[in-house]
Amino acid sequence: MPPTYSPIETEERWSRFWEEGEFFTASVAHDDVRPTYTLVMPPPNVTGTLHIGHACRTTFEDVLVRRKRMQGFNTLWVPGTDHAGIATQVVVERQLKREGLTRHDLGRERFIKRIWEWKEQSGGAILKQIQRLGGSCDRSRERFTMEPDLSYAVQEAFIRLYNEGLIYRDTRLVNWDVESRTVLSDLEVETEQQVSGELFDFAYPIEGEEGELVVSTTRPETMLGDTAVAIHPEDPRYLHLHGKYVRHPFLDRSIPIVTDAILVDPEFGTGAVKVTPAHDWNDFETGKRHGLPQINLLNPDGTLNEEAGEFQGMDRFEARKAVKARLEAIGLARGSTKHMMTLPRSQRSGTIVEPIISTQWFVRMEPLAAPAIEAVENGTIQIVPEDWQKTYFHWMRNIHNWCISRQLWWGHPIPAWYCKKCEQVHVAASPPQTCTACGNDEFVQDEDVLDTWFSSALWPFSTLGWPNTESRELKRFYPTADLETGYDILFFWVARMIMMGLHFTGQVPFKRVLLAGLVTDERGEKMSKVKGNVIDPIDVIQGASIESILAKAKQAGAKDSALKYLKKTYPDGLATHGADALRMALMSYAPGSRRIALSIKRIETYRNFTNKLWNASRFSLMNLEGTGTQSTGSPPVNPEVLVNRWILARLATVIEGVTQGLDEYRGDEASSAVYHFLWDEFCDWYLELTKPLLASDRREIAVETRQTLMHVLETTLRLLHPMMPFITEEIWQRIDKTEAPTSICLAPYPVAAVEGRADPEAVREMEHLKSFVVKTRTIRAEHDLPNSRSIDVYWHTPEAQVARVLEEQQALIERLTGATIHRVKTPEELQHHTAAATFVLEPLRGVVPDVVDSERERERLGRELKRVEKDLAIVSKKLGNPSFIDRAPAEVVQKERTRLATLTEQRAKLSSAIAALPA
RNA sequence: GGGCGGGUAGCUCAGUGGUAGAGCGUCGGCCUUACAAGCCGAACGUCGCAGGUUCGACCCCUGUCCCGCCCACCA
């Protein structure tokens, strides 16, 4: 074994081994009676590349799955990819653009073919990368949302919902993305917060008389579609205008003045509001209240149509300027003011979304939401962390109907057929023979496709075979157990899966929702390619030069400032850390935090940890090799040696800690427990202490120690395996075992009562030993006593147990401290050694004579005295408070009393020690 | 406008009604034959601010100031 662990080759080797050995394939065999554990993977975009968010998902999910597998569950982790409708289509359109083409040049059929080609070329790569991270998903059950089975499920779901009256077609105001030329659901519209905009005022002349009515708008071009001006019915300024009209300045239209108490706030602006029913949410409602005409101004691409008169053909923003200029020119502009506003933007294209009137397909959500709310209320589905429940309820209780049709080409076709003659809609898998309305036999299919999240909503059961209720997978593995994902898709995905799952299967799709925070960069900023703060997990794992990082960022369209940031942050590129280190680092973040500000430093910490584990194993195996020691899976029956008893007790504790941490989905606690056990206890103490024992003349001591060492190492590997699968497999395979499965991933997960041994006495005794050693080392360090110089330590304790331990372990202590230690019979004897460093480790005290006196010693004692006095003041005050004595629990009071005594004594010791120092 | 989360050591973050923790960084000492990606020590915090509850508050309550996010049709 080389002294430094090299993860890359090792990880690739075991990745292959696991795949070839089919260790992760779930069983549907009739005679397999193991309980099942099912998890579905949030399907990444089929043509996407792995980013740190996927690494996060993979890690959390893989830890869950690997542990369950080791605990004997028939485990199924369903991998798959999403066709990601709009996202994928946008990418391919961009490719075409580079060739000087648009999708319309190709036509629908060829364009879709082109996407399929791109999918074949790049698809699945992401799942390979997930495997590279150690993801132990069942590749034999990989799914894709557009494959035939799942497309069938989508079609079936649509038809059923339609027949149940839960899907309907409606003409109303919707969000329009002029760049992608499709409608969007409310969720796909993001609001850009608080941008400073302009509120532009202009006047409408009153028709047939003198005077004008001044209105304000942030979108002046919409005045071309105004069909009313609204005022508050009780506004005294405008009582004389009730029932009158204004004149449109450039279009040949009279516009009614209506009164509307809902729309108009008389306090705001002039108290008069222009009404554009076809392009504004409030105005649409207002229009309905007053029966106003709706004038659509926009073409699908965001240019103005024939309704715009002289402005026809202009882009919406161009038209905005032109309309303003025109109003200025004819003297109707009335100035403008700065105005803070929020802009709606398309999640995908980033363009400003326009409300337009359009006919689309919708899902009626309230009936679906009710049972989904109930499932969380009554605990059938648990949301972890619980805080998210409130958010879930809030959204579900105010749910809007879901617009599911998209004017895209890449996606599931809508199983709706229109009669060519009478336009009657028929929803079915295939067109009917004859139209039920007019008897005609010619139909045309709806040209739209479904929102990509519609198929995602079915994912937990469509991947298992639904709507075939006889599917072996569906019967055995549904409902699934946990659903792990980022909170950003709680509404997009999780809520909709719950609704659809309950509706179509009558069961919850999963019992628990585990929501994790979003990975951000070290500054806490959201990662984005343009910002250039994206860390490629593969680079973190394998290492990358700054040149290649910059090249990649450039290709992804990062700005210059982003490149500068990268250069500054990673001047030497990225070192090789390995997948295990990345996984541990991700695990170490508390799940409650909403952002995971991943830092390279943190990953380095765990890279160092893998190396520590590697070397501890190297040392252990070196000492075990050739001794015939075999790992049996259980500890020595009656260990005699204190350090062996101690480490087995600590092992029990760490198993409990890790188990509890993982049970509570606290990866941070689990990883921290095993980290500190391995490093601070196993390496720093146990391995050091075993060195003399392994070389002991007494054979039984050496044998017991080897067995313990072997056992603790082997158990720790199993304990750690879900978090760090690769290195644990690598070392585990080198261990000589009596009997074991072919991979650690199938070995039993440790149980405290089996692998460990509770032994509070040994733990106590080791604490005495450790604090004695640490104190002696501290004295050495503080008095500049190098290890090469031997020192004497005199100690005394009235307690027999402590005395016994120190005497029994004298050799070990002397070895670790380089001191010669002497027990003295009475406390007075300690006084004989003057000009000395003294120490108190209740109930033990000691003296190190002959240490060099120095100013440093005076300073040190002075500092300590100050601290003691400060504590003393706090404790005295506390004990001087009668209420404290009365009300606080007896143990607490007693503890404080003891502490007071100790501190008082310490103060006396320190004072006299200072006094005894030569001037 | 509503809701949620956060403000703890120089940095990144854990944490509990009863003497404040980790990693990194800093300082000092070590090449002690598993590991210098290491070993041995040390220093560093009136736990955002102000009130309140309590014998006791970093923790509970109220207010307040910052930061981040989500939802919402204010022209």
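In what follows, chains carry the letters A, B, and so on, assigned in the order in which the sequence lines appear, proteins first and then strands, with residues in each chain numbered from 1. Since the model is a prediction, treat every value here as computed from it, not as a measurement.
Heavy atoms of A:Thr605 sit under 4.0 angstrom from primed sugar atoms or phosphate atoms, though from no base atom. Within the 4.0 angstrom heavy-atom criterion, only backbone atoms of the sugar-phosphate kind lie near A:Lys878; the bases stay farther away. Using a 4.0 Å heavy-atom distance criterion, A:Ser599 is classed as making no nucleic acid contact. Residue A:Lys691 is classed as a base contact, given a heavy-atom separation below 4.0 Å to a base.
Remark: P of B:C71 and CG of A:Leu490 are 11 Å apart, rounded to the nearest angstrom. Remark: P of B:G15 and CD of A:Gln660 are 13 Å apart, rounded to the nearest angstrom. A:Asp387 places its CG atom 14 Å from the C1' atom of B:C70, with the value rounded to the nearest Å. At whole-Å resolution of the value, CZ in A:Arg219 and C1' in B:C74 are 12 Å apart.
Look at the C1' atom in both B:G45 and B:U53: the space between them is 26 Å, to the nearest Å. Atom P of B:C47 sits at a distance of 15 Å from the matching atom of B:C60, rounded to the whole Å.
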Protein-to-nucleotide contact annotation, 5' to 3' order, nucleotides 37-47 of chain B [B base; S sugar-phosphate only; - none; under 4.0 Å, heavy atom]: BSSSSSS----

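Without hydrogens or angle criteria, A:Arg618 side chain to A:Trp614 main chain gives no donor-acceptor distance under 3.5 Å.
Residue A:His279 holds its NE2 atom at 10.5 Å from CG of A:Asp226, rounded to the nearest 0.5 Å.
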